[in-house]
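Here is how names work: the chains are called A, B, and so on, in the same order as the sequence lines, proteins then strands, and each is numbered from 1. A quick note: this is a predicted structure, and the numbers were derived from the prediction, not measured.
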Amino acid sequence: MKNITVAVAGNPNSGKSTLINAIAGTNLQVGNWPGVTVEKKTALLKLENIQVNLVDLPGTYSLSPYTQEEVIARDFLVKEKPDLIIDVIDSTNLERNLYLTVQLLELDIPVVIALNIYDEAQKKGIIIDIAKLEELLGVKVIPTVATKREGIKDLLDAVKTVAVEPEKFKVKKLNYGEDIEEAIKIVEEELKIKKADLLSQYPSRWLSLKLLEGDKLVLKELNLNEDESFLKKAKHHFIEAHGDDMESLLADLRYGIANGATRDVILKDDNKRIDITEKIDRIVLNRYLGIPIFLLAMWLVFKIAFDFSKPFSDYLDSLISGPLTKWTAYALNSFGSAEWLISLVTDGVIAGVGAVLVFIPVIAVMMFIITLLEGSGYMARVAFVMDRLMHTIGLHGKSFIPMLLGFGCNVPSIYATRILETERDRKLTALLVPLMSCGARLPVYAIFIGAFFAENAPTVLWSLYLLGIVMAIVLGFILKKTLYTGFAPVFIMELPPYRMPMFRDLLVHTWQKLKHFVIKAGTYIFAVSIIMWFLLNTPYGVEKENSALGKLGKTISPVFEPLGFGTWEASSSLVAGLIAKEVVVTTMAQIYVTEEAEQKEEEKGFFEDLRDSFLSFILAIKDAFGNLISGFGIKSLALEEEEEKTPLKSKLQGIFDPLSAYTFLVFVLLYWPCVVVGIAMKQEFGSWKLYGQALLIHSILAWLVAFVIYQGGRLLGF
Amino acid sequence: MGISDIILGLLILSGAFYILYRSIWRRRGHCGLCDSRCRCIAKFKN
């Protein structure tokens with residue numbers, strides 16, 4: 001079987017990942033904003049007897065060595081020498097995309113252009129003369145619409161041809177003008193004599209151009225410096241005529257080619273009319289309306305998420321704490337299991353893992369709506385709208401993209417800081433990301449909001465997310481003045497057109513976001529539940545308060561006394577939350593629920609329970625859709641649930657009051673990031689120092705804000 | 001609680017610690033950053 005490597009390159013947001021998903025049937029992360037792919041990803045594809053290794057490169061505007069994405073893409077193309085480059089071009093923005101194409105053609109690797117988003121170009125009245133473009137650039141050009149799988153067959157045929165008859169894809173050398181060609185020749189000849197071995201490793205034309213540009217990374221790698229006599233000789237003419245800036249000169253030249261080609265191949269550009277994207281943007285990006293609209297959109301997200309998911313959460317709760325616990329205990333008893341083992345399984349594992357699983361519906365709906373907003377292009381607008389605010393903390397709107405990703409999970413957000421240009425920006429953003437409320441915190445919010453703020457559930461949840469953003473801005477401002485001084489460059493960001501994401505994509509990417517919560521529940525939440533049960537029952541048979549966990553909680557509880565939750569139960573749950581934020585709820589469920597659950601035994605048979613569970617599920621579906629419809633009227637589902645309180649909620653109501661409950665939620669929002677975020681920081685920044693800083697800074701911040709809220713609330717008489 | 005209970009308890013506890021070590025440290029947690037073969041891309045940098 002023949003193996004070939006095909007690199008998929010292109011500008012950010014040109015649809016590379018979508019194209020790969022369409023070609024290989026994979027599920028690479030896509031989103032309607034630039035910079036979704038920050039690392040190269042691979043997908044395998046079998047074409048008859050050809051094994052194709054598709055490599056999705058991060059989106060770049062050029063192959064200069066200024067951003068991590070550019071370096072990753074360039075290193076792969078130059079060092080791994082793929083057999084073919086599929087250059088994905090956004091047809092609605094031909095000129096800018098061709099700038100990269102011109103650079104790709106310097107690499108002496110066969111190129112096929114996928115004129116993607118071709119349907120939108122046509123809708124905009126842009127007609128591209130494909131035959132002429134092929135003739136000008138000397139490459140095959142295939143119009144594609146990746147989201148509809150149009151043009152994919154032609155693209156695959158081109159891949160097959162490269163594998164079987166590579167000579168058909170000879171790369172055309174674009175003429176850069178007599179002077180430049182002469183200079184390239186001088187450098188190439190010198191390299192042939194002095195560094196012949198290099199010419200077998202690197203494309204000679206590309207290498208010569210990079211040396212002429214004075215590319216620092218290339219010079220360093222070749223152990224050369226800019227003052228080499230042959231380079232001086234080659235550049236002599238230009239230095240005299242244009243000064244020392246060969247890089248700008250070559251950039252102008254490439255832009256000239258891109259511009260000329262665009263003018264030659266675009267037959268009609270009726271792009272004057274205002275399209276729907278512009279109409280929406282006039283409102284959404286309005287100087288005064290932009291942020292209020294974002295806040296309102298957030299509130300709606302929470303409202304829908306809560307209204308729709310609550311019946312499912314209640315259903316899961318009654319299923320887990322009722323029949324599942326009852327019948328597991330029954331089965332274990334039948335096998336003659338020891339009392340402690342039955343307690344470990346029911347009070348430890350089922351109560352602990354169950355406490356998190358109950359909230360999977362809330363997380364699922366939230367992730368679905370966030371995915372919808374990402375895919376539609378609105379999230380890119382949010383980054384733009386937030387630019388001015390972000391500048392106050394020395395960052396720009398681009399930093400808000402990883403922060404927005406943090407609403408799903410903070411860990412990929414840490415990796416997403418790679419889209420930022422400077423180390424300072426990346427570190428500062430990484431320090432602020434944990435203040436974005438991740439999905440793992442939702443179970444904690446949901447249980448407390450259900451117990452104390454059922455009437456205003458969406459508003460309370462909204463206030464927590466908003467507080468996270470506000471605190472990120474405040475902390476960013478403080479850090480800008482102290483540890484991370486500096487200023488952000490001007491933010492230039494391409495706003496993608498609004499698009500209606502495909503329903504299949506929405507489901508796939510919602511599942512991608514959701515699955516790690518499910519995997520977490522089955523792995524480390526499961527493991528932590530067992531460990532917590534042992535800590536809570538050591539020595540065996542004593543009161544929980546006097547267990548190992550109880551003693552640990554009591555030791556640190558004075559720290560939380562001024563915040564209104566200085567109990568050993570709350571303290572030990574917060575400490576356990578260092579592993580993962582869901583563990584706060586897991587631990588509380590284990591501490592509080594045991595004795596309450598035993599009181600609710602009902603004398604029902606197994607099949608009766610099974611039938612009831614099925615009927616309850618049908619009822620939950622009906623309620624969920626009913627809530628969705630009535631949620632925007634007067635009725636809200638949460639109000640009706642008074643009669644059925646879960647044991648944990650009832651117990652919490654006896655221990656916390658609304659003020660201390662809200663303070664507790666604020667503390668959970670702001671306190672230390674979980675260990676997995678720490679591992680991600682260590683991986684990205686090479687040391688534990690940043691995580692150490694985050695632990696310290698966030699703990700202090702959480703304590704201070706919680707203190708102000710609790711003591712302030714008491715002073716105001718709450 | 002007999003010696004067999006203690007041994008079983010210790011075995012379960014060791015298993016839990018192993019799962020924790022494996023899922024958090026060795027697999028770097030779960031964050032949705034998977035490539036098409038469900039490998040964490042963070043572990044396969046260049």
Report summary line: If one checks every heavy atom of A/L514 against chain B at 4.5 Å, the contacting part turns out to be neither
Query raised in the report: Hey, is CD on A/Q51 packed in by over 12 heavy atoms from elsewhere, all under 6.0 Å?
Result: yes
Report task. Might you point out which heavy atoms bring A/A527 and B/L20 nearest each other, and give the distance in Å? Result -> CB-N, 4.1 Å
Query raised in the report: Tell me, do A/I530 and B/F17 make a side-chain contact under 4.5 Å, heavy atoms counted?
Result: no
**Report entry** Engaged part of A/W533 at the chain B interface, taking heavy atoms whose separation is under 4.5 Å
**Finding:** neither
Query raised in the report: Looking at residues at least two apart in the chain, or sitting in another chain, which of them share a ring-ring contact (aromatic ring centres under 6.0 Å, His included) with A/Y691?
Result: none
Query raised in the report: If you tally heavy-atom pairs under 4.5 Å against chain B, which of A/F534, A/Y540, A/W340 wins?
Result: A/W340
Query raised in the report: Non-hydrogen atoms of chain B under 4.5 Å away: do they reach the side chain of A/I525, the backbone, both or neither?
Result: neither
Report task. Taking the side chain as every heavy atom from C-beta outward, state whether A/L341 and B/D5 have any atom pair closer than 4.5 Å. Result -> no
**Report entry** Over 12 foreign heavy atoms within 6.0 Å of CZ, A/F526
**Finding:** no
